[in-house]
Structure formats: structure tokens, C-alpha cells
Amino acid sequence: MDIFEKDREYIASTYARFPIEIVSGSGSLVRDSEGREYIDLSTGIAVNTFGVSDPVWQKAVTSQLAVLNHMSNLYYTEPCAKLAEQLCLRTGMKKVFFSNSGAEANECAIKVARKYSQDKYRKERFRIITLKNSFHGRTLTTLAATGQEVFHRDFTPLTEGFLCADAGDLDGIKEMCEGDTVAAVMIEVVQGEGGVVPLDPVFVTGLADFCASRDILLVCDEVQTGNGRTGELYGYMNYGIRPDIFSTAKGLAGGLPLGATVIGEKAAGVLTPGSHGSTFGGNPVCCAGAISVLERLDAGTLEGVRERSRMIRETLEGAKGVRGVYGLGLMLGVDVERDASAVIADCMKNGVLVIKAKDRVRLLPALNIPVDLLKKALCVLKRACAGA
Ligand SMILES: *Cc1c(COP(=O)(O)O)cnc(C)c1O
């Protein structure tokens, strides 16, 4: 059996894979089993922050790997303490809980929000409001939080206590909060899986003010928007707000599984010994990777993200077959006249990897993608959008 057959035989059929096998890569270039090379604008879905097997990141990870690969959370280890310090110093938050994925980071945020509310008020104040078209993960609780029915089907009953509001409808959210049963509102400032849809700044700041006035926690899901992706360290920073809790994962460790739930002043004391835990959470190798990623996300790198973002917009906006470009930084969705899947297939044929978000073509390049490679990829994409 070749790899395609073996995969189809033995891997659970949850993924509609593209018909190529990626075997290696370097930065923003990846190679398939036939020796063909691709410019990668997908980064393992916003995970490979500085591309594939980046040498600086690799050194940080392998040095740690040689010293201590894992120890349980029953002991102190240096990388997780240092990473938590960095996350707090860079955001003004107070405490970090480490896990292994976006869904887990959100689960922890939800637990913290509920416990905060129940410790301080009463046990009926447990509801969490999320937005239509959101995506928060695949566990039964984060599915309940996800405001897209297609993901719920076949898996009911989901965790109860979630309310779904229209993005932008602050009055609707205020109405849901009457009766004082709401503990938190959770948002993605740019809805990634929902088609790369940025929230309206007036709505976001209005929501932050309203939540603060009612002691309802504002939770930002920064799993995809975090870690420099939007041109700021965390997506909410584009909006001039400060959430009470944010979750992140995907690009945090630059290509290793690591989730973080980052908790501000208000809820800093909520998690107590035994109230939550994770076997792998805070793994030293993953944390060493994340420290290396965060160190490099300085003002210069973030400006580079914004510059590349402008270049992409200037190239694609108004181009033949392009209705619009949405998103922030290097998290962009291209609304195309052709079927997005056909555009993606044409790009792949011509050596460029892009992915889909709803019916848009989603671009998530490495934050340091060389400008000449990006230009080359955009030429290919532009032609594919035009159907030429
Ligand atoms: C990808 C994603 C998740 C889920 O992350 P996993 O690591 O797959 O569990 C949650 N929220 C958002 C916004 C995401 O983009």
C-alpha cells in the first residue's frame, strides 16, 4: 500500500485531504513526495509561525529536548515558568494555565469564567454568550460554544449553558444578560473558521465596556488571531481593549502543541489546587519553542506582518475575480468570484498552498515569509482568481 492507501485504510475519515503528501520543508517552502515544491501560505493552519523547521526555533526546541523532554506538573520546571512570565509581562495579564490545544485552552477559559461567577455571585450565574459564525473547538463544550449548527449535528446533547448572539448585536447581548445569569461573553476578534470575518470595532469596544459594567468576563479566543498573526501580539490589541481572559494555541509554540489560557487581574485567584490540570500542559520542549517564538515577535516583526499584509491587499484588491480581501495582518480571507475550491486547486497545481475558510480563500503565511516568495505566490493566486 502506498501512503495514500494506508492513510485511507487506517486513519479515521475526518479529513478531506488534498491529494499530495508533504515530506519536508524549509521556511515558507515545502516539498511533496514527487519532489514538487510549493510556497506555503497555510502554515499548518497558522501554526508554523516562522515557517517549517525554522533554524532558530529548531535550536531552541532541540536544545531543550536534549536536556529534559518532559516532567509532570508535580515538579517545577524552568521553560513553563519563563514562558508564563513572558506572556504576563507582554500583556499585563496575571496568571497562565498551559494545555495542549485551542479547544483545551477554551475549556479552561470557560471553567474559570464559571467558577469566578459562582464563587462571587451564585450558581445560576453560569451562562456563556458566544457569537454566531464563531468557532471555539471540537470538544463537546467548545462545540456548544461554537455558533455554527453544522458542527453540532449528530453530537447532541452538548454541554448546556451557552447562548448565541449575532455578531454586532450589542442590544441583543444586553437583553440576554437581563436576569443576571451570564458569567462571560466569548469572542474571536477575527472569526477565522467563520470565513475570516473581523468584528466591528464599535461593537467590540461597546461590548468590553458593557461587560466591565456588569462584571461579566470578556473572553477573547486568540487561538488563531494570537501570537503576531494579526500584526499585533494578540488580536484584541488591534481594538484597544483588554479582555479578562484570553486563550491561545496554534502559533504559540511555532509548530508544537501548546495551549495557554491567560487570566487577568479579576479572575487571577479563581484556579486553586486541584481545580484543573493537564498531563502534557506546559511541556518543556513546547514551552522552549514558545519562548523562542515570543522573543522574535518584537516591534520589527509585527511591522513586517503589517507590511506584508498591505502588499497582499494592494495586489489582490480590485484584481480580476476578487470581490474583496478581509481580515487583519497575515490572517486574510479572499472573497473570490470563482468557487474557492477551484482557486485553491489551481494554486496547488501551480506550486502555492492556500486553504479555505467558509467560501473564502484563506491566507495564513509565515510571519517572516520572504517578500520575493510572497510576490511569486500572489502572482499565482491572482491568476487563479481570474480563472486564467
Ligand atoms: C483552531 C481553533 C480552535 C481549536 O483549536 P484546536 O487546537 O484544534 O483544538 C479554537 N478556536 C479558534 C478560534 C480556532 O481557530
Side-chain angles (χ1 to χ4, degrees), residues 44-49 57 60-61 64 70-71 73 76-113 115-116 135-137 139 141-142 145 184 186-189 192 217-230 232-237 242-271 275-297 367:
I45 318 186
V47 167
N48 295 327
T49 305
W57 174 84
V61 167
Q64 181 58 46
H70 179 75
M71 206 55 219
N73 280 309
Y76 291 90
T77 54
E78 183 180 284
C80 74
K82 282 193 163 167
L83 175 59
E85 179 190 35
Q86 280 311 306
L87 283 167
C88 288
L89 289 176
R90 305 259 324 247
T91 60
M93 304 294 268
K94 299 297 176 199
K95 296 275 186 189
V96 182
F97 180 85
F98 289 118
S99 53
N100 316 284
S101 66
E104 283 173 282
N106 285 336
E107 288 267 351
C108 176
I110 292 162
K111 283 180 77 171
V112 171
K115 189 166 184 298
Y116 173 81
F135 182 84
H136 298 295
T139 63
T141 296
T142 55
M186 180 155 79
I187 60 170
E188 301 154 86
V189 290
L217 299 185
L218 180 64
V219 180
C220 286
D221 177 342
E222 292 276 353
V223 172
Q224 194 163 156
T225 50
N227 314 300
R229 180 56 50 193
T230 66
E232 293 287 346
L233 187 58
Y234 289 98
Y236 68 79
M237 294 171 175
R242 164 101 62 90
D244 297 299
I245 303 171
F246 75 84
S247 56
T248 191
K250 289 198 167 92
L252 175 60
L256 285 170
L258 182 65
T261 307
V262 186
I263 306 164
E265 183 88 61
K266 260 191 188 178
V270 167
L271 292 179
S275 60
H276 200 43
S278 166
T279 299
F280 282 111
N283 170 275
V285 178
C286 301
C287 287
I291 290 169
S292 160
V293 166
L294 276 189
E295 267 174 4
R296 292 164 76 187
L297 291 175
L367 304 189

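Treat the numbers as computed from the prediction; the structure is a model and nothing was measured. Both backbone and side-chain heavy atoms feed into the values below; hydrogens, waters and symmetry mates do not.
When every heavy atom of Glu188 is checked against every heavy atom of Phe135, the shortest pair comes out as OE2-N, 2.9 Å. Taking both residues in full, the closest heavy atoms of Ala60 and Ser292 are given as CB-CB, 3.6 Å, listed atom of the first, atom of the second, then distance. Nearest heavy-atom pair across Ile245 and Ala113 is CD1-N, 4.3 Å. In terms of heavy atoms, Arg90 sits closest to Leu294 at NH1-O, 2.8 Å. Between Met93 and Pro243, the closest heavy-atom pair is CE-O, 3.6 Å. When all heavy atoms are compared, the tightest approach of Arg242 to Thr91 is NE-O, 3.6 Å.
Rounding to the nearest 0.5 Å places NZ of Lys111 at 7.0 Å from OG of Ser275. With rounding to the nearest 0.5 Å, the separation of NZ in Lys95 from SG in Cys88 is 8.5 Å. Distance check: Cys286 SG to Leu83 CG gives 10.5 Å after rounding to the nearest 0.5 Å. In this structure, the separation between CD1 on Ile187 and CG on Leu218 is 5.0 Å, given to the nearest 0.5 Å. With rounding to the nearest 0.5 Å, the separation of CD in Glu107 from OG in Ser101 is 8.5 Å. Interatomic distance, Glu104 CD to Thr142 OG1, rounded to the nearest 0.5 Å: 9.5 Å.
Residues forming a side chain to side chain contact (heavy atoms under 4.5 Å, CB included) with Val47 (at least two apart in sequence, or on another chain): Lys250. For the ring pair (Phe, Tyr, Trp, His ring centres under 6.0 Å) test, no residue two or more places apart in sequence or in another chain qualifies with Phe98. Tyr116 is linked by a ring pair (Phe, Tyr, Trp, His ring centres under 6.0 Å) to nothing, counting only residues two or more places apart in sequence or in another chain.
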Run the side-chain donor-acceptor check on residues 253-271: report pairs under 3.5 Å with partners two or more places apart or on a different chain.
from	atom 1	to	atom 2	distance (Å)
Thr261	OG1	Ala105	O	2.8
Lys266	NZ	Asp215	OD1	3.0

For residues 219-228, which side-chain N or O atoms pair as donor and acceptor with protein atoms under 3.5 Å away, sequence neighbours left out?
from	atom 1	to	atom 2	distance (Å)
Asp221	OD1	Val223	N	2.9
Asp221	OD2	Asn106	ND2	2.9
Asp221	OD2	His136	ND1	2.8
Glu222	OE1	Thr225	OG1	2.6
Glu222	OE1	Gly235	N	2.7
Glu222	OE2	Gly235	N	3.2
Glu222	OE2	Tyr236	N	2.8
Gln224	OE1	Arg362	NH1	2.7
Gln224	NE2	Glu193	OE2	3.0
Asn227	OD1	Tyr234	OH	2.6
Asn227	ND2	Thr248	OG1	2.9

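Between Leu297 and Leu367 there is a side-chain heavy-atom pair separated by less than 4.5 Å.
Within a 6.0 Å radius of NZ in Lys115, more than 12 heavy atoms belonging to other residues, nucleotides or ligands are found.
In this structure, the side chain of Thr49 engages the main chain of Gly251 through a donor-acceptor pair within 3.5 Å.
Applying the salt bridge (charged side-chain N to carboxylate O under 4.0 Å, His left out) test to residues at least two apart or on different chains, the pairs with a partner in residues 279-297 are Asp54-Arg296.
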TODO: Output, in order, the C-alpha distance, side-chain angles, deciding distance and verdict of side-chain contact (heavy atoms from CB on, under 4.5 Å) for Ile110 and Met186.
DONE: CA-CA 9 Å; Ile110 292 162; Met186 180 155 79; 4.2 Å; yes
